[in-house]
Structure formats: structure tokens, C-alpha cells
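No experiment lies behind these values; they were computed from the predicted model shown.
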Amino acid sequence: MTGARAGSWSDDLYGAALTTGRGRLFLRVTNGRLLRMDIDRWCARADACDLAVLRRCDGPVLDIGCGAGRLVEALSRRGQRVLGIDVCSAAVVSTLQRGGPARRVSVFDALPEEGMWGTALLLDGNIGIGGDPTALLGRTRQVVRPGGLLLVETADTDADARYRVRIDDGLGNRGALFPWAVVGRRALHGHAVARGWRVTECWTTSRGRHFSVLTAQT
């Protein structure tokens with residue numbers, strides 16, 4: 001996961017967890033609510049659920065908020081052209097160490113090959129990047145080619161919430177505030193249509209993860 005712009009939040013607690021490959025971290029909402037960050041899974045190898053999602057990728061793939069790089073690594077091993085982007089320097093280092101290409105850049109900045117990517121990924125809750133899912137979906141539509149795909153993992157509720165959050169280790173250490181969103185499937189589909197996407201597939205895994213495939217309208 002990553003945010004819209006680089007900042008101290010991404011290179012302190014989160015960056016340290018990616019460097020060690022483990023950690024117990026949360027997103028603490030300003031109202032006190034805690035959202036768990038699944039650091040151990042994000043730092044592991046891609047699992048069967050991940051691989052089932054990645055089999056749907058078509059053409060060159062842009063992994064937005066690549067984190068520790070497990071998805072970039074898996075796609076690279078398959079011989080698929082892929083690029084991971086993240087604003088956290090530790091995420092980029094981790095992805096490169098796994099043998100996959102990565103750049104430290106925000107999705108809202110100028111990107112290589114804009115409008116030519118066959119598939120973009122917003123997994124592990126990354127539809128929350130920037131705290132404005134409508135803006136993020138509009139931006140990804142600019143990045144992906146007509147008829148291209150956006151694979152999104154959504155929350156397990158009908159949420160459509162915008163927050164100000166900070167990373168918290170539960171031991172009194174906290175990062176800087178940044179915007180984040182939590183979006184369920186129904187809300188995602190509503191936002192997607194308004195930003196040039198159509199929903200072509202959705203499913204829920206046996207472990208309760210929720211995915212949607214969006215196709216860029218031509």
C-alpha cells in the first residue's frame with residue numbers, strides 16, 4: 001500500500017517493516033478506529049489468491065503501490081512485462097531486490113508509457129490511495145490503454161469512506177497524517193462508471209477477499 005505523495009509516513013514505520021519483512025502496523029483513523037495492515041502477507045511471496053488475480057492480467061502491467069514487490073516478482077517470473085511504483089523508498093528497494101523493476105513515483109505524477117498499459121493493479125486496499133477513489137479511478141483511466149484492465153481489491157463491507165489516517169505500531173509510535181479511503185464493491189462500481197470504466201467481473205475468495213475487474217471504455 002502507498003499514499004498519494006511521498007512523506008515521512010512512508011519511510012519510517014512502514015518502510016522499516018518492509019525492510020525487515022514483518023511488522024505489526026495499523027492505520028489509525030483520526031476518530032481512533034484502527035485498520036490492520038497485513039504486513040506479513042504483503043512481504044511474503046504471492047499466494048494462490050494473488051496468482052489467480054494475476055492470471056487475468058493482459059499486456060504490460062503497472063502495479064500501483066507495489067509495496068514489498070510480491071506481485072511484481074510473480075509477474076516477472078512469468079515473463080510478463082511489469083513495473084511497480086511506490087512513494088516509499090523501502091518498497092522500491094524491496095521490489096528491486098526481488099528481481100522486479102520499480103520506481104519511486106506517485107501514480108498522480110507523470111508516468112512512463114501513460115495511456116499504453118494493458119493492466120493496472122490496485123490490490124491490498126490501494127483503491128484508498130489519495131483518499132479520493134473517484135480521482136484515482138480517473139487517473140488510472142489515463143494510464144491504461146482503451147480496452148485495458150484495472151484489477152481492484154475492495155473492502156469486505158459496503159464502505160465508501162474518506163479518512164485522515166496515520167501509521168501506528170500500537171506501541172505509541174505514529175507517523176504523519178495522510179488521506180486514505182476505504183471502498184467496498186458497490187461503491188467502487190459506482191465510481192468506476194463515472195470515470196470511464198465498466199465492470200466486467202467480480203468475485204470473492206474463500207478467504208473473504210473481494211476483487212473486481214474493470215475494463216477501460218473506448
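Residues Val92 and Arg103 fail the side-chain proximity criterion, which asks for heavy atoms closer than 4.5 Å. In this structure, Pro133 and Arg162 have side chains that are in contact, with non-hydrogen atoms separated by less than 4.5 Å. At a threshold of 4.5 Å between non-hydrogen side-chain atoms, the residues Leu150 and Arg141 do not count as touching. Taking 4.5 Å as the limit, every side-chain heavy atom of Arg198 sits out of range of all side-chain heavy atoms of Val193.
Ring planes of Tyr14 and Trp42: perpendicular class, angle over 60° (limits at 30 and 60°).
For Asp168 (side chain) and Phe26 (main-chain N/O), no donor-acceptor pair under 3.5 Å exists by modelled atom type. Side chain of Thr200 to main chain of Val213: a donor-acceptor pair is present (N/O by atom type, distance under 3.5 Å, no hydrogens or angles). Of the possible donor and acceptor atoms, none in the side chain of Asn173 sits under 3.5 Å from a partner among the backbone N and O of Leu13. Looking only at distances, no side-chain donor or acceptor of Thr95 sits under 3.5 Å from a matching main-chain atom of Glu73. In terms of modelled atom types and a separation under 3.5 Å, the side chain of Asp47 and the main chain of Asp50 share a donor-acceptor contact. Panel note: side chain Trp117, backbone Pro112; a donor-acceptor pair is recorded below 3.5 Å. A distance-only check finds a donor-acceptor pair linking the side chain of Arg78 to the backbone of Leu54 [under 3.5 Å].
For the residue pair Thr204 / Arg185, a side-chain donor-acceptor distance below 3.5 Å is found, with atom types taken as modelled.
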message: Run Thr157 and His210 through side chain to side chain contact (heavy atoms under 4.5 Å, CB included) and show every step you take.
response: CA-CA 10 Å; Thr157 68; His210 302 267; over 6 Å; no
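Taking each heavy atom of Cys88 and Leu18 in turn, the nearest pair found is SG-CD1, 4.3 Å. Shortest non-hydrogen contact noted between Ala192 and Leu137 is N-CD1, 3.7 Å. Nearest approach of Ala90 to Gly15, heavy atoms of both residues: CB-O, 3.4 Å.
Cation-pi geometry between Arg166 and Trp180 is not satisfied (NZ or CZ under 6.0 Å from the ring centre, within 45° of the ring normal).
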